[in-house]
Student: 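Got a structure here, written out as structure tokens. Questions coming.
We name chains A, B, ... by the order of the sequence lines, and we start the count at 1 in each one. What's counted below: heavy atoms across the whole structure, side chains too, no hydrogens, waters or symmetry copies.
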2 protein chains.
Amino acid sequence: MAKRAYGQFCGLVRALEIVGERWALVIVRDLLVSPKRFSDLRRGLPRIPTNILSARLKELEQAGIVHRRVLPRPSGSVVYELTEYGNELEDIVLRLGRWGARLLTKPGPEEIVTADSMIMAMRSIFRPKAARGLNVTYELRLGEIIIHMIVNNGRLKVAEGALPDADLVIKTGPAIKALIAGEVSPADAIANGTVRLSGDSRLLSRFADTFHI
Amino acid sequence: MAKRAYGQFCGLVRALEIVGERWALVIVRDLLVSPKRFSDLRRGLPRIPTNILSARLKELEQAGIVHRRVLPRPSGSVVYELTEYGNELEDIVLRLGRWGARLLTKPGPEEIVTADSMIMAMRSIFRPKAARGLNVTYELRLGEIIIHMIVNNGRLKVAEGALPDADLVIKTGPAIKALIAGEVSPADAIANGTVRLSGDSRLLSRFADTFHI
DNA sequence: CTGGATCCCTCACGATACTG
DNA sequence: CAGTATCGTGAGGGATCCAG
């Protein structure tokens, strides 16, 4: 038996032996957003050493969670994508993220926000019930990070990048967490300047209702 | 910032910084079954070094997931129990366990099954829908491990120990996984000797339907 | 006996440099 | 761009010891 095994015949233990390794679930998080190349992953995970990224990708591939695919010519480059089995981690990753979000207060001095982490965060706090019958689009800007959400009758699509004709554009920072957690009302968030809008400003409370912890 | 942090302002990362440490979720798994003393945890986790158990309990306590409670006199002993926040990990632990169970084939040479891991496994694969209107009790024996299940109209209680008047007593081993996963039919499991029964044998297929991956 | 603390050793991880 | 190679450090593993 491997030296680092937990020594139990148990589903949870098997799961941890794979995705319990350091960085593994964060890599999965980013791959849940979209397939990525090695350097894409690096960019989204600036603090991961390349040898660790390399090792994790190998392990995840061997475990049948990630598939390494060589793109056809002429690019010939490599992308890593989740297998079907890997994709089944989505719900777990979303729930873990929601659980951990309660511990988010202020970003630490060196802590960054990435597009992928924000996309998954929005997915994790989306409330389909509250979005019944809604048909709205948002663009969300956190510093350099720009993502957009398309809400369509209880369904959500989130992706990176701008959305030129979004109904509401929200410019903000990490303080958006307070809005989403209900610690600050939409009105107050506008008043204290942590959120700036363009478009139909009245949609902000709709937004805060649709995306809520 | 701590040296071992991931450096991202993200709910998933916060979660991993606490329960992503080695052994942490396994400790939580056992505490989800019941509050435990230090030595109870050791017994259920034979391969964990005591200093690690000690360190994890401190970290989990500091993070507000575990509460260290000193029992009143005369025992004066200490129990560790999950806080409300810690208990909210239950669903995640159950799902992770179910996800990882697909990788369970045969137990490795040194791999053991513990009562707590089995209790959580049964919880994780319980299908409330299939148990609608049912009222059955089972006793399950895997070698030394004895647990029992009380199914009551879509609700389940699992606990350690025998249940003298159980409707069905199932004596088996790790091969029970094949039955639960549907890789072996109840009839075959009896035929090939991996399962031995006492009580109302016809209940076995009911069992396999109620507890199923 | 419970509930740890302490020691030493090893290896996984982290930082950085380098290569096809 | 997509990794491999190298090397130092500290968390984890294992055994032992100690206080209440």
Student: Whole angstroms only, please: what is the CD-P distance between Glu21(B) and dA12(C)?
Tutor: 16 Å
Student: How close or far is atom P of dG14(D) from atom CD1 of Ile52(B), stated in whole angstroms?
Tutor: 10 Å
Student: Out of dC13(C), dG13(D), dG4(C), which nucleotide sits closest to the side chain of Arg42(B)?
Tutor: dG4(C)
Student: Given dT2(C), is OP1 or OP2 found less than 4.0 Å from the side-chain N or O atoms of Tyr80(B)?
Tutor: no
Student: Is there a side-chain contact between Arg56(A) and the phosphate of dG14(C), meaning an N or O under 4.0 Å from OP1 or OP2?
Tutor: no
Student: Output the single nucleotide from dG3(D), dG3(C), dG14(C) whose closest atom is nearest the side chain of Phe38(A).
Tutor: dG3(D)
Student: Among the candidates dT4(D), dA2(D), dG3(C), find the nucleotide nearest to the side-chain atoms of Arg37(B).
Tutor: dG3(C)
Student: When you get a sec, tell me which of dG4(C), dG13(D), dG14(C) is the closest nucleotide to the side chain of Trp23(A)?
Tutor: dG14(C)
Student: Rounded to whole angstroms, how far apart are CZ on Arg47(A) and P on dC13(C)?
Tutor: 16 Å
Student: Check whether any side-chain nitrogen or oxygen of Lys58(B) sits under 4.0 Å from OP1 or OP2 of dG3(C), and answer yes or no.
Tutor: no
Student: Which listed nucleotide (dA5(D), dG14(D), dG3(D)) is nearest to the side chain of Asn51(A)?
Tutor: dA5(D)
Student: Does Arg43(A) reach a base, just sugar-phosphate, or nothing at all? Heavy atoms under 4.0 Å.
Tutor: nothing
Student: Does a nitrogen or oxygen in the side chain of Ser54(A) sit under 4.0 Å from OP1 or OP2 of dT4(D)?
Tutor: yes
Student: What is the distance, to the nearest angstrom, from the CD atom on Glu61(A) to the P atom on dA2(D)?
Tutor: 15 Å
Student: Using whole Å, what does the distance between atom P of nucleotide dA12(C) and atom OH of Tyr6(A) come to?
Tutor: 13 Å
Student: For the pair Ser124(A) (side chain) and Arg98(A) (backbone), establish whether a donor and an acceptor sit closer than 3.5 Å, ignoring hydrogens and angles.
Tutor: no
Student: Hey, does Thr50(A) reach any base, or is it just sugar-phosphate, or nothing, if we go heavy atoms under 4.0 Å?
Tutor: base
Student: Side chains of Thr114(B) and Asp116(B): do they bring a donor and an acceptor to under 3.5 Å?
Tutor: no
Student: Do we get Arg68(A) above Phe38(A)'s six-membered ring, with its NZ or CZ under 6.0 Å from the centre and within 45° of the axis?
Tutor: no
Student: To the nearest angstrom, how far is Leu60(A) atom CG from dG3(D) atom P?
Tutor: 14 Å
Student: Does OP1 or OP2 of dG14(C) have a side-chain N or O of Arg22(A) closer than 4.0 Å?
Tutor: yes
Student: Are Val184(B) and Val195(B) close enough, and set up right, to give a side chain to side chain contact (heavy atoms under 4.5 Å, CB included), and what steps lead you there?
Tutor: CA-CA 11 Å; Val184(B) 173; Val195(B) 165; over 6 Å; no
Student: Starting from P on dT2(C), measure out to CG on Leu41(B) and report it in whole angstrom.
Tutor: 13 Å
Student: With respect to the phosphate group of dG3(C), does any side-chain polar atom (N or O) of Ser39(B) fall under 4.0 Å of OP1 or OP2?
Tutor: yes
Student: Using atom CZ of Arg69(B) as one end and atom C1' of dT2(C) as the other, report the distance to the nearest whole Å.
Tutor: 17 Å
Student: For the residue pair Trp99(B) and Tyr85(A), does the interplanar ring angle fall in the parallel (under 30°), tilted (30 to 60°) or perpendicular (over 60°) class?
Tutor: parallel
Student: So does Lys36(B) pair up with Asp30(B), basic N to acidic O under 4.0 Å?
Tutor: no
